[in-house]
Each structure stands twice: as structure tokens, then as C-alpha cells.
Trainee: 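Below you'll find the structure I mean.
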Protein chains: 2
Amino acid sequence: MDRVDWHILEELQADARLSFNELSRRVRLSPPAVAERVRRLQDSGVLTGYHAAVDLERVGRPVRAVVVMDCYGPTCLLRDPDVATWPEVRQLYRVTGQGCSVLMVAVPTMPAFEELIDRLARYGRPSSSMVLADLLPWKPVEPA
Amino acid sequence: MDRVDWHILEELQADARLSFNELSRRVRLSPPAVAERVRRLQDSGVLTGYHAAVDLERVGRPVRAVVVMDCYGPTCLLRDPDVATWPEVRQLYRVTGQGCSVLMVAVPTMPAFEELIDRLARYGRPSSSMVLADLLPWKPVEPA
DNA sequence: GATGAAACAAAGCCGGA
DNA sequence: TCCGGCTTTGTTTCATC
């Protein structure tokens, strides 16, 4: 993880479809050298994938919310692996504190949200905040 | 946004570096036809970008937290556009409810987290939950 | 560098208003 | 007939050895 690796990560985070040729120009290395570095970053688990970003509002999921789940014991949401596969659930974290988990969800309409909350309420007490604005739809990871 | 468009979105969300050739094979269309559809999805704002995914733990940011900010009036965090540029801040939402905003943050160490909380406390009352596990590091958006 | 594959641009084909 | 979307072809650029 030297300076060039970070330069490569920076470029691929901004545009994952860059050709090795273009990438090699930007980081001032030969194309095979860049390809080899990218391969190493992949194999070492630093680069975990390349994903197209989709605008949730434009694909029918304009209603978003942060949901904190307060659950305990055998019905805890974290014991049901299916929840992570629900299409409404975009992120799912186990956290410390009062709630046991935090979900980011995206649904087409408020009625759909109401239905989702009902489904979540089977596991514990959900407390939700509607997202009014996403101030940071994307940003690259920087060197620590 | 027909069935083929969704098939394209599905493939590009899973692997943004797919060539148009390979993509055209998977969706059973000619390469130029696929390229044209992708161009339209980009121009219409459905596809907002292609981003390499980086493992935060492996690049020196193993400590993550959800921070709910409770602030009000002229010192509210949402009035300072610089906050979104802090490298620790990975996501930033304006939300309804008690807190005015929710942040996802990632830092190298607990002392760095302590320092970040101090910086955030200038804007209002931060209340944070440490992330114990990310149960859903990535998943594609599905048709609503 | 050299080879095979992929991207891009231009022109023609086909089905539905 | 017109129009939008698809395929085919030829040329340039790219990936890989």
C-alpha cells in the first residue's frame, strides 16, 4: 500500500470502468505494472468489488429511512439471516448502545414503509427517522 | 426501464468492469445495443457512477460508528458544508425526528474517534453507536 | 512489440405507430 | 411511411503474453 496503490484506489473509486491503459497514464506506470498492482489489491482483499451506482429515487425507491431496532433475546432481528435479503434493506449493522442494530431502508411509497415497519416490529421495537436529504451520495475512501 | 434495462443494471451493480461484449452476451443483445442502453441509463441519471469498493478495515479505518446529531439553530452541522468533506465521514443524511442528521463515520482508532466526537460536539449533541458488524457490505438494488 | 479481443462509428434492417 | 431500436461491418484501441 504505497502512494501509487492509493492513487490507483482513488482513480478506481471515482471510475471503476477505467481501462488499464487510461489508469496507467494517470498513475504514470506501464499498463502491465498497473494490472499487476490491481490484481494484488484484489487478491489481498483491499479491493472487494466494482459496483455501478444506481439512483434510488429514479428506480422507484424514493422513500428512505434510518431504522434503529431495539430487540433482545431469541426474536432479535440479528438472528434472522433472511432480513438482510429483503430488497428494502440497503444496509444492516450490529451496533452498541440501546438499539441492537441499525438499518438503512429504501421503499417505493409511505404505505410500503408502513408495511415494512410492521414486519420489523415482529423482532423488536423499531424507531425510524425518514431521510430528508442524502448530503453525501458518494465519496472515495482516503488514506488514513 | 424494461426487463433488459434491469438485467443490465443487475449485472453492472455486481461487476461494474464487465466489458460491453460480455454484458451483451449475458443480456442477449448485440454489443452496440447494450452500449446504447447503458448510455441512456447514464444520461437519464439512473446510473450515477461506477465505483471500486474498498475494505475499510484493510485500509486503516477499522473503527466505525453511527452518529446521530442533535443540533439546532445557527450552529447546526447541516449548515457547515465542510463536514461532508471530512475524510472520516462516509455518509451524511438529514433526517426527521429528534436528531437533525445521521452520520456514518470510519476512523483508524478509538482515540481518533474520540477526537472526531469532540469536533462534532461543537455543532450540537452527538450520540453514537459503534458498529460491531457490517451484515450487508454490499447488495444490488432490485426492481421496486 | 505482437496477437487476439474489445470498443466505437457508420450504415443498413426490421417491427410498430 | 416514419421512427426507434437492433444488427452487421470496418477501424481503432486495449489487454495480455
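Protein chains get the first letters and strands the later ones, always in sequence-line order, with residue 1 at the start of each.
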Trainee: Taking only heavy atoms on the protein side, list every residue of residues 35-51 of chain B lying under 4.0 Å from any atom of DNA chain D, sorted numerically.
Mentor: B:R37, B:R40

Trainee: Of the non-hydrogen atoms in A:A52 and B:L47, which two are nearest, and what is the gap between them?
Mentor: CB-CD2, 3.6 Å

Trainee: Quick one, give me the B/S/- string for nucleotides 9-17 of chain C, reading 5' to 3', where B means a protein heavy atom under 4.0 Å from the base and S means that only happens at the primed atoms, P, OP1 or OP2.
Mentor: B--------

Trainee: Kindly work out whether a path of hydrophobic side-chain contacts (I/L/V/M/F/W/Y, heavy atoms less than 4.5 Å apart) joins B:V107 to B:V89.
Mentor: yes

Trainee: Using a 4.0 Å cut-off to any heavy atom of chain A, which nucleotides of DNA chain D are the first and last in contact, reading 5' to 3'?
Mentor: D:dC14 to D:dT16

Trainee: Do the side chains of B:R122 and B:D80 get close enough for a salt bridge, i.e. N-O under 4.0 angstrom?
Mentor: no

Trainee: Contact between B:V4 and B:I8 at the side-chain level, heavy atoms closer than 4.5 Å - yes or no?
Mentor: yes

Trainee: Could you state whether A:V95 and B:V67 fall into the same hydrophobic cluster, counting links through intermediate Ile, Leu, Val, Met, Phe, Trp or Tyr residues with side-chain heavy atoms under 4.5 angstrom apart?
Mentor: no

Trainee: Using a cut-off of strictly less than 4.0 Å between a heavy atom of the residue and any atom of DNA chain D, enumerate the qualifying residues of residues 14-23 of chain A by number.
Mentor: A:S19, A:F20, A:N21

Trainee: Sorted by first residue and then second, give each ring-ring contact (aromatic ring centres under 6.0 Å, His included) pair with at least one member in residues 5-49 of chain A; sequence neighbours left out.
Mentor: none

Trainee: Identify the heavy atoms of B:R61 and B:P87 that sit nearest to each other, and give their distance.
Mentor: NH2-CB, 3.8 Å

Trainee: Should A:E115 and A:R119 count as an ion pair when the cut-off is N to O under 4.0 Å?
Mentor: yes

Trainee: Give, for atom CG of B:D70 and atom CG of B:L77, the distance between the pair rounded to the nearest 0.5 Å.
Mentor: 11.5 Å

Trainee: Any salt bridge linking A:D2 with A:R37? Criterion: basic side-chain nitrogen under 4.0 Å from a carboxylate oxygen.
Mentor: yes

Trainee: Run A:Q42 and A:Y50 through side chain to side chain donor-acceptor pair (under 3.5 Å) and show every step you take.
Mentor: CA-CA 10 Å; A:Q42 288 170 165; A:Y50 305 93; 2.7 Å; yes

Trainee: Sorted by first residue and then second, give each side-chain hydrogen bond (donor to acceptor under 3.5 Å, both in side chains) pair with at least one member in residues 129-144 of chain A; sequence neighbours left out.
Mentor: A:R64-A:D134

